[in-house]
Amino acid sequence: ALPSQTFLEDAELAHYLKRVLRLGKGSRLMVAFSDWEVAYLAEIEALSASHVQLLVQTPMAAAPLKQFLPHIALGAALIKEHRWDLLLQKTTELGVRQIYPLKTERTVVFSKNMDHKMSRWQGILRAAAAQSKGLYIPTLHSPQALDDFLASASNVSDKNTLKLVLCERTAKADGPVPMLVNVLRPWRQQWLTQQSEVTDPVVSPCVVAMIGPEGGWTDAEVAQMQQCGYQPVSLGSRILRSETAAMHLISAVLYECST
């Protein structure tokens, strides 16, 4: 059961509510409980410089809030800080579920002060989820090498998961890389057909998407991912920055695969 009263000792949140949104005692707002993925109307009972006390009231209508979105896990090579921050922010607003920061052969940024970085990144995710009125904050995993991620890929996907790697060319000379939409649409139809044939259907399709660093994937990395079942896909002839490609890819998956 959800608590009827919630006490939050959070000076940053208190400042935001009081000084930015100009809220005070008696003001009503939406509160999302990420652990349960539910949202409630709440009323501010007390608001000081360091804490917020809320009276949780009625649940919000689920239909306009909880869309049946694809479960998207994003494996993204680390890029320069300000661009990485943008990637985290925008993919969270779009509804990504899990984010795996990766170290690849062409990764040029890999900070040693990772505890501080992770804390700051979590703050970006939290703010982006609040901005977009999301019901959950994505799970941010600790940075790891691509090899380690692929070795533990069973924790991310199963046989029904669509695994995509965004790249300009495949490791083999087997023709051009297929467009993303030409992979998504038949997979989506196949997934719907499979769900109609089982007694306990899955609510949302699952997609794992891999985005490379500034210099792109090496041929060896693409070959390694193909061996692990990843389908190379292209977004077209334009060469996009990593953070732009991530937003483009996730938006396309949401458009094609939302239920």
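Predicted, not measured: the structure shown is a model, and the values here were computed from it.
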So, the side chain of [X] versus the backbone of [Y]: is there a donor-acceptor pair under 3.5 Å, distance only?
{"X": "T104", "Y": "A77", "result": "no"}
{"X": "W217", "Y": "L166", "result": "yes"}
{"X": "Y136", "Y": "A129", "result": "no"}
{"X": "E221", "Y": "T218", "result": "yes"}
{"X": "R106", "Y": "G215", "result": "yes"}

For the atom pair [atom1] ([X]) and [atom2] ([Y]), what is the distance rounded to the nearest 0.5 Å?
{"X": "Q89", "Y": "S132", "atom1": "CD", "atom2": "OG", "result": "9.5 Å"}
{"X": "S237", "Y": "M179", "atom1": "OG", "atom2": "CE", "result": "8.0 Å"}
{"X": "L41", "Y": "L29", "atom1": "CG", "atom2": "CG", "result": "8.5 Å"}

Looking at [Y] and [X], is any side-chain nitrogen of the basic one under 4.0 Å from a carboxylate oxygen of the acidic one?
{"X": "R83", "Y": "E214", "answer": "yes"}
{"X": "K90", "Y": "E243", "answer": "no"}
{"X": "R28", "Y": "E43", "answer": "no"}
{"X": "D148", "Y": "K103", "answer": "no"}

Atom of L88, atom of T91 and distance for their closest heavy-atom approach: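 For L88 and T91, the tightest heavy-atom pair comes out as O-OG1, 3.4 Å.
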Is it possible for you to say whether L140 and M114 belong to one hydrophobic cluster, with membership spreading through side-chain heavy-atom contacts below 4.5 Å?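 Yes, L140 connects to M114 through the hydrophobic network.
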Are I124 and V96 co-members of a hydrophobic cluster defined by side-chain heavy atoms under 4.5 Å apart?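 Both belong to a single hydrophobic cluster.
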Residue [X] excluded, over 12 heavy atoms near [atom1] under 6.0 Å:
{"X": "Q194", "atom1": "CD", "value": "yes"}
{"X": "Q131", "atom1": "CD", "value": "no"}
{"X": "R120", "atom1": "CZ", "value": "yes"}

With no hydrogens and no angle check, just 3.5 Å: does a side-chain donor-acceptor pair link H51 and S48?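 Looking only at side-chain atoms, S48 and H51 do form a donor-acceptor pair, the distance falling under 3.5 Å.
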Hey, does H71 have a side-chain heavy atom less than 4.5 Å from the side chain of C206?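 The answer is yes, as the side chains (C-beta and beyond) meet within the 4.5 Å cut-off.
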Is the Y230 ring parallel, tilted or perpendicular to the F149 ring (thresholds 30°, 60°)?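 Aromatic pair Y230/F149 classed tilted.
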